[in-house]
Every structure is written in C-alpha cells, then in structure tokens.
Enquirer: 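The following block contains the structure, expressed as structure tokens.
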Amino acid sequence: MQELLILDGKGFYVWSAYAITMISLVVALVSASMRKKKIIKEIDESLEQ
Amino acid sequence: MWKYLHRLSSLKYCYEWSGKWVPWLLGVTAVLMLVGLYWGLLVAPTDYQQGESYRIMYIHVPSAWMSMFVYAVMAGAGFVALVWKTKLSEIIVSECAVIGAMFTALALITGMLWGKPTWGTYWLWDARLTSELILLFLYFGIIAIHSVIEEPRTAGRVASILAIIGIINIPIIHYSVTWWSSLHQPNMQLVSKTPSVHPSMLYPLLVMAVAFQMYFVSLLFIRMRNEILYRERLTKWVKKALAGH
Amino acid sequence: MLSVVLTVIQRDLLLAFRRRADLMNPVLFYVIVATLFPLGVSPDVEFLGRLAPGLVWVTTLLAALISMESIFRQDFDDGSIEQLFLSPHPFSMLVFGKVAAHWLITGVPMLVIVPLMALLLHLPVQAIPVLWATILLGTPILSLVGAIGAALTSGFRGGGILLGLLVLPLYVPVLIFASSAVSAAVDGLAVSGHLAMLGAGLILALVLAPFAIGASLKISMS
C-alpha cells in the first residue's frame, strides 16, 4: 500500500493528475444533472403562475 | 432517409431517444473507467525508461485525443448547422465547446504534472503543449460568444462559423508551432510522451480511450437534453413530458 | 466587376480621409506600445536587438487587432452594409473591397513607420528590409483574418474584447513565420523559406477569407 502511494517518489504527480481528472469528470456530470432539476423547477414555477 | 434524419433532428424526438440512451451510456462509461483505472494504475508494468510517472499517460493521452476529437465533432455539427439550419446541431456546437475546453484543460494539466518529474519543469514550450494551449484559447473564444450574443440562434450560427474556421486553422497552427519549436530546441532530446508501447501497457490505454469517448457522449447527451428543455420550455410537449414529475 | 470593387475601395478611402485624425490613431498606438518595451524590459542595445523581431511583431498584431474593431462598425450603424448585400454584385467581392481599403488605411502607415520602430528597438540594420517585407506580406493576412472576426462581432455590444479572444489565436502562424524571418535575418541566415510561407498564407487568406467574411456578415445582419 505504502509503495503504491509513493510510486517511486512520483506518487504526488501521478495521484494528483488522476485526482484532478476524475474529480473534474464527475463534477461536470453531476453539475449537468443538477442543472436539469433547476430547469424543471423553473418550468414548474412558470406553470403554476 | 431524409425524412428519418429530419425526424431525428427534431428537438422533441431527440429528447425522447437520448433519454433512453443516457443510463446505458453512463453504465458503460463507469465500468470501462473503473477497469481502465485499475488496469493502468495497478496491473500495467512500470516503464523502464520513465518509471512510474508514465502512468499519467493513461489519462493524459485520452484527454488530448478527445480535445481534438470534440473539436472535429463541433466543426461537423457547425457545418450541418450552417447548411441545414437545424437547432439540434447548433446546440451540439455550443455544448461541445464547453466539453472540449474541459478535455483540453485536463490534457494540459496532466501534461504539466507529467512534465515536472520527466523534464524537471511544469511547463516547456514544447510543440504539443503549445498547440494544445492555443486549442484551449480557440475553445474559450467559442464559449465567450454565448455570453456576448444573447439570441441563441444567432450565437449558434456565429459559433458554427468559428468552429469551421478553427478546423481549417488548427493544422496550420499545429504545423507552425511544431516548426517553431524545432527551431528553438534543436539539440533537446525530449522523452516522447507516448513511448513505443508494449501491449501490456497499450491495452489499458485503449480501454481508457474508449471510456473517455463514452463519457463524452454521455455528458454531451445530458447537457444537450438540458439545453433542449430550456429552449423549448414554452412548448406543449415539454409541459406534457414534465407533467409526470 | 473590378470597377465595383474599386468603387468600394474609393468610397472607404474617401470616408477615411474626411476624418484624418482617426487615421493617425492606430499608428500612434503602434509607436507608443513600441516605446513601452525598452522602458519595461531594458534599454540595453544588444538585449533589445535580440528581442526586437518579436516585439515589433507582437505590437503589429495588437495594432492590427485594435484597428479591426472599426472596420464594419459604421456600416452596421448606418445600414450601408445591408445596401451592399442587396446590390446585384457578389457580396464577398464587395466585402473584399472594404478589407482592401482598410488595409490601405491601416497597413500602409505601418509600412512607413516600421523602419523607425526598428531603429528605436535597436533591430540590427541589415534585418530592416526583411522586417519590411514581413510587414508587407503579413499585415494583409491580419486584415483578412481579423475582418472575419470583426464581421462576426461588430453587430453586437461587447464585441470588441470578444474580437481579440477570437482572432489572436488565429494570428499565431503569422507571428511565428514573420518574427522567425526577421530573427533569421538578424543572424544572417536565409529568409526566403519563411517569406514563402507568409506568401502562401497570404494567398490562402485571399482565396478563402472573403467568403467567410461575407457569410459572417450575413449572420450578423440577420
């Protein structure tokens, strides 16, 4: 486990590259799905008026 | 055939069929991504030349490929938008710009993180990094159009023209930057970013490449559906489709 | 056909000469920015001489960009661009006339002033003819490509900054080939290859840009 984290002393670069990429990909997906809810809410409100 | 294509591009129909695809696409993306991550990080052997930092390649190279692929999709959609004036292709142009900019930024960031242990510096004016940076600027320009031009259809057509101009210019820019960097670093032996790869290292890369491709399609569909809902919010079919909620 | 293009050029030149003060502004901007570099970097003769090819060309890009903003602005406001569009002659040729006139108004003064700037920035004297040639070949490309951006943005408020964002990345190849040519001339190397690339770029821009400008204006008008 220790070895995997350090990766020859290059762990910082490898892990931060993977972390940044994966977090960005997930955040982009989640925020897109959240926006859908927001749009639906907006439409619902305009329907009620 | 034309009738079918026309129906396919109608926003209502598109919203319906893309909705069926999204869960499957997301599932395939997740599985491929996990397999690729496991394979690339844990199974693939260490590169004898670059050591462990080469593992960044498994996300850097797919991001870089996607940054160009998305631009090609965007320019293709832009062409369709200008010739047939379909709303759907205009939406695809603007959504591709955002997604493509994200892939380009990721390719740059992971490239920098790869550069530090390999070249000893985060940034070199290396030909590929430089043309990737200019590609990012091209994406930013297209995204900025939508903040300046409020009318979505005009903005869509302006963005389409720019996407097409960009696709003509990208090879010229890339060629000139490559030539320029060979001029300024004549004696510099750089380690290639994609070493001649052994199959045991290549397969995880291919899995990741397909995973990124699937991710792009999923995100494009989700964003496209949002935009369709928003643009058509005053129509009957949207109200009907949302009545179930 | 040709006479129509000439008429457009003549009209724009006439309009420009009626407002001579505006004519001077891009040139003044050009010289003032060039003056900033020695102040900001270093007045050292050798050091500046090494940087001069790049400095002159970056300044040229900025000056060209700033001058582009106004190319269609007035025609949009007074509706004459619609009149051109409705005329029976091919729109892209008329628009080409406008770009040609714009280059005569902004590019030619640059050609006149650039040797002076080269002296201010201590560019070695043997490189000045090559610098002049790159300006002659390069600025028309900047005008043609910039006009596409101007055509897309000048119909909208806030288009000015957007123009820079859209057009500057497209200027990169011109910057690279032009400043490399001048650098090569400073080092006494052959420059014909670089100039040939600029010439090829100019031909490509001359052939393709008028259509793109015409199509862009059509969209901005709608």
Side-chain angles (χ1 to χ4, degrees), chain A, chain B residues 22 26 29-30 33 37 40-42 46 50-60 62-63 95 98-99 102-103 105-107 109-118 122 208 211-212 215-216 218-234 238-239 241-243 245:
Chain A
M1 193 65 209
Q2 195 80 30
E3 234 170 72
L4 185 67
L5 281 179
I6 297 169
L7 278 182
D8 239 9
K10 287 165 181 170
F12 168 74
Y13 305 107
V14 176
W15 289 114
S16 40
Y18 273 85
I20 291 171
T21 306
M22 289 304 144
I23 290 171
S24 317
L25 295 187
V26 171
V27 165
L29 264 186
V30 171
S31 66
S33 322
M34 302 274 271
R35 188 169 135 74
K36 183 180 178 185
K37 284 193 186 120
K38 222 175 119 192
I39 293 171
I40 292 177
K41 208 173 143 196
E42 237 173 76
I43 298 174
D44 281 346
E45 275 165 12
S46 70
L47 276 181
E48 278 161 21
Q49 277 165 8
Chain B
V22 166
L26 281 175
T29 307
M33 205 66 106
L37 283 177
L41 279 170
L42 301 175
T46 307
Q50 297 180 30
E52 298 289 355
S53 58
Y54 97 95
R55 289 182 198 280
I56 294 175
M57 175 185 88
Y58 293 125
I59 45 177
H60 170 76
S63 306
E95 300 307 326
V98 178
I99 303 173
M102 180 182 77
F103 281 126
L106 285 176
I109 293 169
T110 52
M112 287 167 81
L113 285 166
W114 176 88
K116 181 67 183 170
T118 316
Y122 282 109
M208 280 308 260
F212 270 61
Y215 173 86
F216 161 61
S218 326
L219 184 59
L220 177 64
F221 274 19
I222 294 175
R223 295 189 61 106
M224 199 172 78
R225 286 164 55 78
N226 287 344
E227 192 61 28
I228 292 175
L229 267 191
Y230 186 69
R231 286 201 192 182
E232 303 278 281
R233 63 188 179 281
L234 299 177
V238 166
K239 287 171 187 166
L242 295 182
H245 286 271

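Proteins come first, then strands; the chains are lettered A, B, ... in the order of their sequence lines, and each starts at number 1.
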Enquirer: Do you know which of B/L229, B/T110, B/L37, B/I56 has the most heavy-atom pairs under 4.5 Å to chain A?
Expert: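 Most pairs with chain A among the choices: B/I56.
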Enquirer: Do A/Y13 and B/P117 have side chains that approach each other closer than 4.5 Å (heavy atoms only, starting at C-beta)?
Expert: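 They are in side-chain contact.
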Enquirer: B/I99 versus chain A, heavy atoms under 4.5 Å apart: side chain, backbone, both or neither?
Expert: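 Contact with chain A is absent: no heavy atom of B/I99 under 4.5 Å.
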Enquirer: Atom CZ in A/R35, atom CD in B/E227: separation rounded to 0.5 Å?
Expert: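 These two atoms lie 6.0 Å from each other.
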Enquirer: Taking the side chain from B/Y215 and the backbone from A/L25, do they hold a donor-acceptor pair closer than 3.5 Å?
Expert: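 Such a contact is found between B/Y215 side chain and A/L25 backbone.
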Enquirer: Between A/I43 and chain B, which part of the residue has a heavy atom less than 4.5 Å away: side chain, backbone, both or neither?
Expert: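 Contact with chain B involves the side chain of A/I43 alone.
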Enquirer: Tell me, please, whether A/Y18 has B/R55 positioned over its six-membered ring: NZ or CZ under 6.0 Å from the ring centre and within 45 degrees of its axis?
Expert: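 Pair B/R55/A/Y18 does not count as cation-pi.
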Enquirer: What part of B/L106 gets closer than 4.5 Å to chain A, counting heavy atoms only: side chain, backbone, both or neither?
Expert: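 For B/L106, the contact with chain A is made by the side chain alone.
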Enquirer: For A/M22, does the CE atom have more than 12 heavy-atom neighbours from other residues, nucleotides or ligands under 6.0 Å away?
Expert: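 For A/M22, atom CE is crowded (more than 12 foreign heavy atoms under 6.0 Å).
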Enquirer: Please flag which part of B/Y230 lies under 4.5 Å from any non-hydrogen atom of chain A: side chain, backbone, both or neither.
Expert: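 For B/Y230, the contact with chain A is made by backbone and side chain together.
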Enquirer: Could you give me the CA-CA distance, side-chain angles and deciding distance for A/W15 and B/L113, then say whether side chain to side chain contact (heavy atoms under 4.5 Å, CB included) is met?
Expert: CA-CA 10 Å; A/W15 289 114; B/L113 285 166; over 6 Å; no
Enquirer: Is B/L26 in contact with chain A via its backbone, its side chain, both, or neither, using a 4.5 Å heavy-atom distance?
Expert: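 Side chain of B/L26 only, per the 4.5 Å heavy-atom cut-off to chain A.
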Enquirer: Select one option (side chain, backbone, both, neither) describing which atoms of A/I20 are under 4.5 Å from chain B's heavy atoms.
Expert: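 Interface part for A/I20: both.
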Enquirer: Okay, side chain of B/N226, backbone of A/A32: is any donor-acceptor separation there less than 3.5 Å?
Expert: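 The answer is yes, because a donor-acceptor pair under 3.5 Å joins these two groups.
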Enquirer: Please look at B/V98 and chain A and tell me whether the side chain, the backbone, both or neither of the residue comes under 4.5 angstrom of a heavy atom of that chain.
Expert: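 For B/V98, no heavy atom lies under 4.5 Å from chain A.
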Enquirer: So, using side-chain hydrogen bond (donor to acceptor under 3.5 Å, both in side chains) as the criterion, who are the partners of A/T21 when residues are at least two apart?
Expert: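 Testing A/T21 for side-chain hydrogen bond (donor to acceptor under 3.5 Å, both in side chains), a comparison that skips the adjacent residues, returns none.
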Enquirer: Under 4.5 Å from any heavy atom of chain A, what part of B/I222 do you find: side chain, backbone, both or neither?
Expert: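 Just the side chain, heavy atoms under 4.5 Å.
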Enquirer: Does any heavy atom of chain A fall under 4.5 Å from the side chain of B/Y122, the backbone, both, or neither of them?
Expert: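 For B/Y122, side-chain heavy atoms alone lie under 4.5 Å from chain A.
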Enquirer: Pick from B/K116, B/R223, B/M102: which one has the most heavy-atom pairs with chain A under 4.5 Å?
Expert: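 Looking at each of B/K116, B/R223, B/M102 in turn, B/K116 comes out on top.
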Enquirer: Chain A heavy atoms under 4.5 Å from B/I109: which part of the residue, side chain, backbone, both or neither?
Expert: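 It is the side chain, since no backbone atom gets that close.
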Enquirer: Please state whether the side chain, the backbone, both or neither of B/M33 comes within less than 4.5 Å of a heavy atom of chain A.
Expert: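 The side chain, not the backbone.
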